[in-house]
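Notes to accompany the following structure.
Naming: A, B, ... by sequence-line order, numbering from 1 per chain. The model shown is predicted, which means the values in this text are computed figures rather than measured ones.
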Amino acid sequence: EAGVAQSPRYKIIEKRQSVAFWCNPISGHATLYWYQQILGQGPKLLIQFQNNGVVDDSQLPKDRFSAERLKGVDSTLKIQPAKLEDSAVYLCASKGRAYEQYFGPGTRLTVT
Amino acid sequence: GNSVTQMEGPVTLSEEAFLTINCTYTATGYPSLFWYVQYPGEGLQLLLKATKADDKGSNKGFEATYRKETTSFHLEKGSVQVSDSAVYFCALSGNTGKLIFGQGTTLQVKP
């Protein structure tokens with residue numbers, strides 16, 4: 001079974017630019033999560049989708065971050081405009097009926 | 001709100017030493033508890049889990065017991081190997097499945 005796919009793997013942008021990350025979850029997984037992992041910290045949830053609806057976006061900085069999951073399959077996370085403190089690894093995870101969340105390899109964002 | 005606290009690292013051990021990484025949590029209700037591992041250059045992988053009090057999760061020689069009375073889920077391994085060098089994250093999840101992670105503990109095992 002294919003795992004969670006993410007792209008790009010690495011991205012370097014200047015502050016105030018925009019960037020988008022893409023995630024394709026495991027086939028059939030209804031729940032999709034985006035996490036932000038700042039260096040030296042544990043991942044922190046940004047947004048959770050159930051099919052194409054948002055379950056939890058309480059930690060998403062909505063003035064600059066947006067996410068969508070059209071058709072309830074793949075998802076895009078966007079940052080516009082980026083700040084230096086957005087430098088982090090952005091992880092996508094998906095979950096089926098069981099407890100386990102499966103994580104993608106992440107996108108490492110560097111904002112200069 | 002819910003939170004997870006792990007012992008600070010890095011933890012440096014010699015091969016075949018005993019490992020304990022402490023994890024305590026604060027949560028309402030009855031969360032599920034997890035240990036995730038992140039090997040160098042790789043993504044997060046589930047190591048083990050426990051879904052109710054007194055459950056013991058185990059995998060690859062690692063164990064952790066869900067202790068409700070002490071709100072703890074300490075990770076143990078009897079004899080570590082160099083290949084166990086990684087960052088270990090304790091996490092909990094509630095009803096929505098959202099994971100709340102500790103800050104991670106780096107383990108370095110020397111030959």
Side-chain angles (χ1 to χ4, degrees), chain A residues 1-10 21 23-26 29-51 53-60 67 69 88-109, chain B residues 1-11 21-27 30-52 55 57 59 64 66 73 75 86-107:
Chain A
E1 156 179 275
V4 177
Q6 290 188 247
S7 67
R9 293 293 310 277
Y10 305 91
F21 313 127
C23 172
N24 191 29
I26 292 173
H29 280 192
T31 311
L32 185 147
Y33 307 83
W34 283 102
Y35 291 87
Q36 180 192 57
Q37 186 178 13
I38 293 172
L39 186 64
Q41 299 180 19
K44 182 185 77 172
L45 181 74
L46 291 175
I47 189 166
Q48 175 183 348
F49 292 94
Q50 181 73 19
N51 296 308
V54 175
V55 174
D56 184 348
D57 64 356
S58 57
Q59 303 269 48
L60 188 73
R69 192 183 183 198
V89 176
Y90 290 84
L91 297 166
C92 180
S94 70
K95 186 173 81 69
R97 291 184 178 182
Y99 289 99
E100 182 171 358
Q101 288 186 30
Y102 293 85
F103 284 82
T107 297
R108 183 177 296 277
L109 173 67
Chain B
N2 295 348
S3 66
V4 175
T5 302
Q6 292 181 232
M7 66 185 286
E8 294 209 7
V11 174
I21 300 178
N22 290 338
C23 171
T24 57
Y25 68 90
T26 301
Y30 303 95
S32 295
L33 301 175
F34 305 83
W35 278 100
Y36 278 81
V37 59
Q38 192 168 37
Y39 297 104
E42 298 185 18
L44 276 169
Q45 302 173 27
L46 179 65
L47 181 59
L48 54 84
K49 68 176 186 292
T51 58
K52 61 183 187 296
D55 267 2
N59 186 24
Y66 189 142
F73 192 55
L75 182 68
V87 182
Y88 293 82
F89 293 93
C90 185
L92 67 80
S93 75
N95 294 335
T96 66
K98 165 178 121 176
L99 284 169
I100 295 173
F101 288 87
Q103 73 271 32
T105 302
T106 300
L107 170 65

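- No other option in B:Cys90, B:Gly43, B:Gly97 has as many heavy-atom pairs under 4.5 Å with chain A as B:Gly97.
- With a threshold of 4.5 angstrom between heavy atoms, A:Gln41 approaches chain B through N, CA, C or O but not through any side-chain atom.
- In this structure, B:Lys98 NZ and A:Asp56 CG are separated by 4.5 Å, a value rounded to the nearest 0.5 Å.
- Put simply, of B:Gln6, B:Gln103, B:Glu42, the one with the most heavy-atom pairs under 4.5 Å next to chain A is B:Gln103.
- With a threshold of 4.5 angstrom between heavy atoms, B:Thr106 does not approach chain A through any atom at all.
- Of the atoms belonging to B:Lys49, it is side-chain heavy atoms, and not backbone ones, that fall under 4.5 Å from chain A.
- Not one N or O on the side chain of A:Tyr33 forms a donor-acceptor pair closer than 3.5 Å with the backbone of B:Leu99.
- With a 4.5 angstrom heavy-atom cutoff, B:Gln38 touches chain A only via side-chain atoms.
- The CZ atom of B:Phe101 sits 8.0 Å away from atom CD of A:Gln37, with the distance rounded to the nearest 0.5 Å.
- For the options A:Pro105, A:Pro43, A:Ala93, A:Gly104, heavy-atom pairs under 4.5 Å to chain B are most numerous at A:Pro43.
- Atom OH of B:Tyr39 is surrounded by more than 12 heavy atoms from other residues, nucleotides or ligands within 6.0 Å.
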